[in-house]
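The block underneath contains the structure these notes are about, expressed in structure tokens.
Remember, it's 1-based here, ligands and their atoms both numbered in the order they're listed. Computed from a predicted structure; not experimentally measured. Reckoned from all heavy atoms, side chains included, excluding hydrogens, waters and symmetry mates.
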Amino acid sequence: MSDQQLDVLVFGSAIIDFICYTPRLPRAGETLHGHRFQQGYGGKGANQCVAAARLGSQTALIAKLGDDSFGNDYRRQLQAEHIDVQHVQQLAGQTTGIAQIAVSDAGENNIIIVVGANNLLSVSDVSNAAEHFNRAKVLICQLETPLEATLFALRQFKGVSIVNAAPALAETPTALLQQCSILCVNETEAALMTGMSSIDTVSDANNAIRRLIELGANTVIITLGKFGAVCGKKEEPEKFEHVTAPQVPDNLVVDTTGAGDAFIGALAHNLAKYPKNKLTQHIEAACKIASKSVQLPGTQASFPHA
Ligand code: RIB
């Protein structure tokens with residue numbers, strides 16, 4: 001058993017991103033000329049892990065890759081980021097997950113994922129990594145890997161757990177909301193999960209937090225892009241708070257892909273390293289990191305170092 005500290009443990013996805021930069025997002029049935037292509041390392045789980053590692057957290061990732069060249073490269077890349085990859089397994093006969101991402105000149109994106117090997121992350125991967133689960137201060141999970149294993153991981157973990165419920169489900173299982181310390185979603189995901197038509201204002205976000213707490217969540221953070229984030233705790237129903245983000249001029253925003261992952265990795269890093277700070281201080285620090293990431297293209301490629 002290792003006695004080395006483990007700040008952030010991520011149980012989740014690792015995906016290769018194929019990003020096309022294009023004047024605007026295509027309509028159904030339309031072919032567009034894009035102006036640039038970039039391949040990168042992505043997947044919400046690995047992104048969040050890399051974001052925390054670059055800020056100085058000791059991190060470990062539990063994830064599945066294919067036994068293809070993407071998987072080989074990805075494992076080496078995670079090691080280069082100083083992430084513990086003891087439980088990043090390459091599976092024979094499986095393909096590494098891929099994401100097809102379009103990013104418009106306005107910085108909007110849409111993403112299709114084909115998760116491949118990520119679909120085989122299972123309950124036994126939690127049991128096999130019991131030592132990591134006992135040692136980590138913060139656990140992060142997302143919804144790009146099987147839900148059953150995620151629920152099991154959350155049940156086994158006794159520290160601070162963050163669920164990034166993305167891609168969001170219209171019917172989120174109550175257990176998922178109840179079993180994490182912090183639920184973190186963006187405004188679009190929060191709208192889908194609560195049945196609201198959209199979340200356009202801080203007051204809408206406060207209503208969504210109220211609804212998510214009614215549905216079972218303990219503490220909720222809703223990120224609002226350039227407007228920062230709103231948070232609320234079940235035990236303090238009258239004290240939801242809005243944290244603003246540093247202002248980035250529109251002409252400097254080049255790619256918002258992965259900004260939410262930069263936020264969550266930074267949030268986990270701050271929770272692990274400064275446990276006595278207030279949630280709003282953690283959110284403020286995470287907003288700063290996310291606002292830096294939107295100023296560079298790519299997902300992990302855009303995440304800052306400490
Ligand atoms: O959040 C951005 C990520 O979503 C991308 O890296 C892509 O792989 C998808 O998982």
**Study point:** Distance-only polar pair, side chains of His132 and Asp84, donor-acceptor under 3.5 Å
**Key:**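 Side-chain D/A pair, His132 to Asp84: present.
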Practice item. For the residue pair Val163 and Leu154, establish whether any side-chain heavy-atom pair is separated by less than 4.5 Å. Key: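 Yes, their side chains come closer than 4.5 Å.
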Name the closest protein heavy atom to [atom], giving the residue it belongs to and the distance to 0.1 Å.
{"atom": "atom 4 (O) of ligand 1", "result": "Lys44 NZ, 3.1 Å"}
{"atom": "atom 9 (C) of ligand 1", "result": "Glu144 OE2, 3.4 Å"}
{"atom": "atom 2 (C) of ligand 1", "result": "Asp261 OD2, 3.3 Å"}
{"atom": "atom 8 (O) of ligand 1", "result": "Asp17 OD1, 2.5 Å"}

Just jot down the ligand 1 atoms closer than 4.0 angstrom to any heavy atom of [X], in number order.
{"X": "Ala99", "answer": "7 (C), 8 (O)"}
{"X": "Gly42", "answer": "6 (O), 8 (O)"}
{"X": "Ile15", "answer": "8 (O), 10 (O)"}

Check your understanding: Going by distance only, is there an N or O of Thr257 that falls short of 3.5 Å from an N or O of ligand 1?
Key ->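 So ligand 1 has no N or O lying under 3.5 Å from an N or O of Thr257.
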Review point. With ring centroids as reference points, do Tyr41 and Tyr74 lie under 6.0 angstrom apart?
Key: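 Centroid distance Tyr41-Tyr74: below 6.0 Å, so yes.
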**Study point:** is_close_aromatic(Phe18, Phe70), centroid dist under 6.0 Å
**Key:**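 Yes.
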Check your understanding: Within 45° of the axis and under 6.0 Å from the centre of the six-membered ring of Tyr21, does NZ or CZ of Arg36 qualify?
Key ->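 Here Arg36 passes the 6.0 Å and 45° test against Tyr21.
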Practice item. Output yes when a side-chain donor or acceptor of Gln179 lies under 3.5 Å from a complementary backbone atom of Leu176, and no otherwise. Key: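 Judged by distance alone, no pair lies under 3.5 Å.
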Check your understanding: Does Asp105 come within less than 4.0 Å of Arg24, counting only side-chain N to carboxylate O?
Key ->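 Judged by the 4.0 Å cut-off on N to carboxylate O distance, Asp105 and Arg24 do not form a salt bridge.
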Check your understanding: Is ligand 1 less than 4.0 angstrom away from at least one heavy atom of Gly43?
Key ->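 Yes.
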